[in-house]
Amino acid sequence: MGIIAWILIGLLAGAIAKALMPGKDPGGCLITMLLGIAGGLLGGWLGKVIFGVDSIDGFFSLSTWIAAVVGSVILLALYRVIAGNRSR
């Protein structure tokens, strides 16, 4: 897949992660989108390392989307813990 496809998947995965984890985020929409892109990459990497699966089969593959959303949720949770502690 091309970089544009990964950016698009990351943006959508970030929005899905935000919907799965409602609440106030320390950052805004831009931070959530960037975390989604990084989370998509993290999810793909974790799927390959931990489970030995090729989670980047294609744009419309379910495993690609699951990996991207899981990675985005992980990064969003970590960001909330780290940035939430700094603001107090």
Side-chain angles (χ1 to χ4, degrees):
M1 285 192 319
I3 190 73
I4 302 297
W6 270 112
I7 290 172
L8 182 60
I9 287 174
L11 293 174
L12 294 172
I16 293 169
K18 174 70 174 143
L20 291 174
M21 298 179 63
K24 185 158 175 63
D25 284 327
C29 184
L30 181 64
I31 297 295
T32 303
M33 287 189 283
L34 292 175
L35 286 173
I37 293 169
L41 296 172
L42 174 69
W45 180 76
L46 285 176
K48 185 170 278 197
V49 169
I50 294 174
F51 300 111
V53 297
D54 189 19
S55 59
I56 36 180
D57 292 332
F59 187 82
F60 294 107
S61 174
L62 184 61
S63 63
T64 301
W65 285 94
I66 291 172
V69 170
V70 168
S72 296
V73 167
I74 290 170
L75 283 184
L76 185 59
L78 286 173
Y79 178 72
R80 284 183 180 182
V81 169
I82 292 169
N85 289 340
R86 268 194 275 156
S87 65
R88 291 181 185 161

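Of the inter-residue distances, the one linking Leu42 atom CG with Ile37 atom CD1 reads 14.0 Å to the nearest 0.5 angstrom. Put simply, CG on Leu11 and CG on Leu34 are 8.5 Å apart, with the number rounded to the nearest 0.5 Å.
For residues 61-72, no pair satisfies salt bridge (Lys or Arg N to Asp or Glu O under 4.0 Å), with sequence neighbours left out.
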Can I get a per-line list of side-chain donor-acceptor pairs under 3.5 Å for residues 70-78, giving both atom names and the distance, sequence neighbours left out?
residue, atom, partner, partner atom, Å
Ser72, OG, Gly36, O, 3.3
Ser72, OG, Ala68, O, 2.9

